[in-house]
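One structure is given below, encoded as structure tokens.
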Amino acid sequence: SQANAIFVLPDGSVRDAQGRDLLDPDAGGVVPRTGASLHRRDQVRSQLAERGVIVPGHLPPVRSEVELTPADPAEVLNRAVVLAVIAGLSEEIYRGDDIDLDDVVDLQGSGEVTETEAEFLEQLLAEARGGGKWSDGLRSKALNHSWGFVAAHTLAWTLGLVPMDPYELQPADVSALKDALETAVATNQPQLRELGELCDAWEITYSCRWYAVDQQYRQGQPGDRFEFDGMQKSVLIERQRALAWLLLQDAPYDQVSLDT
């Protein structure tokens, strides 16, 4: 059976299928996991270990296919497009390029942007109309939003629009991404990859993110363990945000939990 039963009782306790209180550390309860989750965890972490990324067994696996209802493909495509457009605007700010304010106004009024993105666009418009000298605060926000290309690329991959190896942590090919998104919007027939493949990518990303966070706590400690560099850590953050938003659908994009 693929049941993953947890029961919340009237007394407020949370229990497993054997009635053990999962919130009581002395009750011996175990959060149930599906066989698919455990199998994926073992396979992925074995391959990561071969690369020097050692993830402890106590870190729970990501959810399996039977526990997830992913976002609608059209919604995923729209989110990828918005991320790419805002990342492009962010790079234009840094390059000092002229920005088409009509495009910014259209995007702002599209209903597709998050609260954080809307605030960024509003500040961009205000500063552009005030003389076009970008403040340090806007430039800092633009730097953060420029990483949206990675998230957009991840979502485009989930739609089969671009290639991506989840084990390889590289920046997005922006030109190829833009071409792929333009074609997808024109054809308007987005389809997600097989859910199992998406779960594989999520487990890889989640496990690597745990390792990267743990790496920060190990700074200065002796040892020759593998270490992610700054660029790879940033790629992991954007991939985790994109995949968790797509698969969990439990929060707006800019409020997705990045806990490990």
Side-chain angles (χ1 to χ4, degrees), residues 1-6 16-18 22 25 28-70 150-151 153-160 162-173 192-250 256-260:
S1 171
Q2 288 293 307
N4 192 8
I6 294 177
D16 63 16
Q18 285 71 46
L22 296 176
V30 178
V31 176
R33 307 293 177 186
T34 65
S37 281
L38 297 174
H39 178 69
R40 175 175 291 111
R41 175 200 65 187
D42 294 344
Q43 282 202 323
V44 165
R45 295 181 190 178
S46 175
Q47 293 186 50
L48 288 175
E50 293 177 2
R51 298 165 180 249
V53 178
I54 310 299
V55 181
H58 64 72
L59 182 71
V62 300
R63 298 181 195 177
S64 68
E65 299 90 320
V66 298
E67 302 170 276
L68 298 169
T69 302
V150 173
H153 185 271
T154 303
L155 293 177
W157 173 80
T158 69
L159 295 168
V162 294
M164 185 185 85
D165 182 346
Y167 285 101
E168 299 297 329
L169 305 176
Q170 300 295 333
D173 182 334
L192 285 170
R193 292 176 182 269
E194 291 293 330
L195 192 49
E197 190 174 4
L198 303 183
C199 290
D200 289 346
W202 190 24
E203 176 64 56
I204 294 165
T205 302
Y206 177 73
S207 294
C208 288
R209 262 280 291 156
W210 181 92
Y211 186 92
V213 171
D214 184 62
Q215 177 183 317
Q216 292 181 274
Y217 292 103
R218 299 196 313 268
Q219 286 183 354
Q221 297 180 12
D224 56 356
R225 300 178 67 178
F226 174 84
E227 292 193 356
F228 291 115
D229 61 29
M231 181 275 293
Q232 292 171 318
K233 292 177 184 177
S234 295
V235 169
L236 283 169
I237 290 172
E238 297 304 325
R239 285 190 184 174
Q240 182 180 359
R241 193 193 322 273
L243 291 169
W245 170 81
L246 165 68
L247 294 169
L248 292 178
Q249 287 288 284
D250 62 353
V256 170
S257 172
L258 297 176
D259 290 345
T260 58

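No hydrogens, no waters, no symmetry mates; every other heavy atom, side chains included, goes into these values.
Residues passing the side-chain contact (heavy atoms from CB on, under 4.5 Å) test with Gln43, sequence neighbours excluded: His39. Under the side-chain hydrogen bond (donor to acceptor under 3.5 Å, both in side chains) criterion, Gln47 pairs with Tyr167, sequence neighbours left out. Scanning for side-chain contact (heavy atoms from CB on, under 4.5 Å) contacts around Ala156 gives Leu161, Val162, Leu177, Leu181, with sequence neighbours left out. Partners of Asp173 by side-chain contact (heavy atoms from CB on, under 4.5 Å), not counting sequence neighbours, listed by chain and number: Ser175, Ala176. Glu227 meets the salt bridge (charged side-chain N to carboxylate O under 4.0 Å, His left out) test with no other residue; sequence neighbours excluded. Taking Arg63 as the reference, nothing meets the salt bridge (charged side-chain N to carboxylate O under 4.0 Å, His left out) condition, with sequence neighbours excluded. Residues passing the salt bridge (charged side-chain N to carboxylate O under 4.0 Å, His left out) test with Arg239: none are found, sequence neighbours excluded. Remark: Tyr206 engages no residue in a ring pair (Phe, Tyr, Trp, His ring centres under 6.0 Å) (not counting sequence neighbours). Contacts of Gln215 classified as side-chain hydrogen bond (donor to acceptor under 3.5 Å, both in side chains), with partners at least two apart in sequence or in another chain: none. Arg41 pairs by the side-chain hydrogen bond (donor to acceptor under 3.5 Å, both in side chains) definition with nothing, not counting sequence neighbours. For Glu168, the salt bridge (charged side-chain N to carboxylate O under 4.0 Å, His left out) test picks out Arg51, with sequence neighbours left out.
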Give every donor-acceptor pair under 3.5 Å between a side-chain atom in residues 240-248 and any protein atom, sequence neighbours left out.
unit_1: Gln240; atom_1: OE1; unit_2: Arg209; atom_2: NE; d: 2.6
unit_1: Gln240; atom_1: NE2; unit_2: Asp259; atom_2: O; d: 3.3

